[in-house]
Amino acid sequence: MGMEYRPEVDGLRAVAVIPVILFHAGFDFFSGGYVGVDIFFVVSGYLITNIIYNEIQNDEFSIIKFYERRARRILPALFFVSLISIVLAWMWMLPKEFEEFSKSLIAVNLFVSNVYFATDMGYFAGAAEMKPFLHTWSLAVEEQFYLFFPLAMLVLGALKKRYLLFFVFLAFITSLTIAEWASTRYESYNFYLLPSRVWELMAGSIIAIFFYKREFKSSKVICNIGASSGLILISYSIVSFDEDTPFPGLWALLPVLGASLVILFARVDNLVGRLLSFKPIVVIGLISYSAYLWHQPIFVFARERSLDNLSNADFLLLSLLSLFLAYFSWKFVEQPFRNKRRFTRPQIFSGAFVMSILMLGFGAYGIYSKGMPGRLDTAVAQIANVRNDRHLQSEGCQSTPSQTISIEDSCEYNENYSEKMVVWGDSQATPLVGPVAKKARSLNMGVKQFVYTNCLPIAGYSRSDRPECGRFNNAVLDTIVSNKNIKMVFMLGRYPLQFEGKSFNNQEGGAEEKHRVYAVPIEGVKSKEYIYSEDRVEVVGELIQETVNTLVNNNVKVVLIYPVPEVGWDVPSLLAKEKMYGIERERMLSTSHEVFKERTESSYQQLDMIQDHENLLRVKPELLLCDTQLPNRCITQIENKILYYDSNHLSRYGATMLIDHIFSEIKKRGWMDNKELVVENFIDVNSL
């Protein structure tokens, strides 16, 4: 294989980019479309190694020339898309998103966006849908790789081919081993970071080096079988993989092997080669880099601007728009900057430096100013500011899959008091901590916060994807029972999400991002068969009963909080955008009480099965929020006070209202007769 142009390789780029676009568009059929990035890595490793190795063999390789080519190839379109994204973000993003956008803008310009997103969130997390630069993680991986790969080739390239291949293959095996080991342990880091991705680039490098100046001879039949097998492997990965596939471990061998087979066997004289060389497919391949750059910002800003969920038809049109813009930027941005007669090397490097500095400065100010709220009308900014309630008692105090806080290091409030209360649950419990701590202070009591994201307060149970969650809860129960100073526990979790195994849809246009997580016994945490078993919810229900019984029988008073009504819309975001766009609401934002009842039926059944006890207080937020101000509706605001900081978590106001109601019930129970319990009558539920 020599350095001649191969249209079928550009066709393979089209095969890579289209599934990625349709995956981010949310089409279920392309649930594994993210493997398009893996195909890009193989193609990139093949082409770049071809160029570097050929130049080394001919004593023509230059590091400065290599980086000049990379700058011409990568930066102009990246800067152009970034500038357009800045304008759209300025117009449509609320402060919180704009601050996150600013952070990612800095990461993009430093080519560390893969590190940023690895520490910030998972690739399949719902919040990923609102990250305009999420897709740039793969550019960061490539640029990090090309920091050391040319230097390594410069040192090793003079070796005999078999020795060079040995080192390349060693890197391949080492990286693949890391990827497989981390695929079930450090999923987010494994997905984003370079060590787990090197082997995919090396797959292309092995082909380029092994077949350098060597004619690949094989019969037409073998070539057809090999190339067709490659396309089949790629297609299988695209339609069969999903967010639950451990990746990029051994499963990633399928698309990587598929791409490698296509590179090896596809020729213009065989079926797959002719298909991939079809001019429209080649054109998509030629504009694939720009298409990749455009699609994610287009989807994100379309979601930002729309008050309703976008339909599949909308996303299909947006996908076509990304291809149209890709052709525009390829022709009028990419191509001109690759012309050395139009732009010299000093112009390329100096221009790139100036643009990077400007964007880094803009991003830094966006962070410093907390999202530049001055861009917005004061009323809009005030509504949007409710979303910042998510940070109350969560920063450094809430365990996450990437950072589990030990029981000993868990946050404590009013810690000078010996008697303690505990807030135990998932992220829905976090907003309660502040109001509980305020009440506890008046009772001369401290508060311990035992909160783990998406982890229900049940011993012996775990999330279907996180065994750490179960171990955390078991430790919490042991701590509460063994510590005689802990007198009361507030338990709250988002039971419907994990009992039903699907996100919430209010049937009125408010549908959360698709996210599947199931409550399972800890011993069945990795068993897909157990996830889909008919008695899964009942088994977990028995664990709830055991957990509560253990607590109350050890003389710990338990406040068992039933499900908080989910909303489906991000409440402050929707209300702020309505205000921003001049939309007047006829009545307060609310959801159907009937939908709530259907959603929580199994949760109520399991919680109701817990035996009554003098140390058990059941609290139903439904009584505060549903069928009060509006018949058969669950409210999200009281006059201008917003009760949620997003689609399902109570705001500071909502949490304070709930806790005030709870302490009213505690006072009626006489649980704190030996203490002076002041109830502020924050809101009288009977007056709603």
Modelled atom types, side-chain donor and acceptor of [X] and [Y], under 3.5 Å:
X      : Y      : answer
Ser196 : Asn190 : yes
Thr453 : Thr400 : no
His295 : His135 : no
Tyr46  : Arg6   : yes
Tyr212 : Thr49  : no
Ser31  : Asp28  : no

Please examine the side chains of Val198 and Leu176, heavy atoms only from C-beta on, and report whether any two atoms are closer than 4.5 Å.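 SC-SC contact between Leu176 and Val198 ruled out.
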Contact check, side chains of Tyr53 and Leu164, non-hydrogen atoms, under 4.5 Å: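 SC-SC contact between Tyr53 and Leu164 confirmed.
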Does the gap between the ring centers of [X] and [Y] come in under 6.0 Å?
X      : Y      : result
Phe324 : Trp294 : no
Phe299 : Phe315 : yes
Tyr192 : Tyr189 : no
Tyr116 : Trp137 : no
Phe133 : Phe101 : yes
Tyr34  : Phe23  : yes

Please say whether more than 12 non-hydrogen atoms of neighbouring residues, nucleotides or ligands are located less than 6.0 Å from [atom1] in [X].
X      : atom1 : value
Phe349 : CZ    : yes
Tyr327 : OH    : no
Tyr236 : OH    : no
Phe61  : CZ    : yes
Phe148 : CZ    : yes

Quick one: does [X]'s side chain have a donor or acceptor within less than 3.5 Å of a partner on [Y]'s backbone?
X      : Y      : result
Arg338 : Arg72  : no
Ser277 : Arg274 : no
Ser462 : Gly470 : yes
Ser399 : Tyr452 : no
Asn270 : Phe265 : yes
Asn224 : Lys220 : yes

Matching residue for Thr136 among Ser113, Ser82, Ser104 - test: side chain to side chain contact (heavy atoms under 4.5 Å, CB included):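 Exactly one pass, corresponding to Ser113.
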Salt-bridge contact [X]-[Y] (side-chain N to carboxylate O under 4.0 Å):
X      : Y      : value
Glu60  : Lys65  : no
Asp38  : Arg197 : yes
Glu334 : Arg73  : yes
Lys103 : Glu97  : no

Apply side-chain hydrogen bond (donor to acceptor under 3.5 Å, both in side chains) to the pair Ser44 and Tyr146, showing each step before the final yes or no. CA-CA 11 Å; Ser44 182; Tyr146 291 127; 2.8 Å; yes
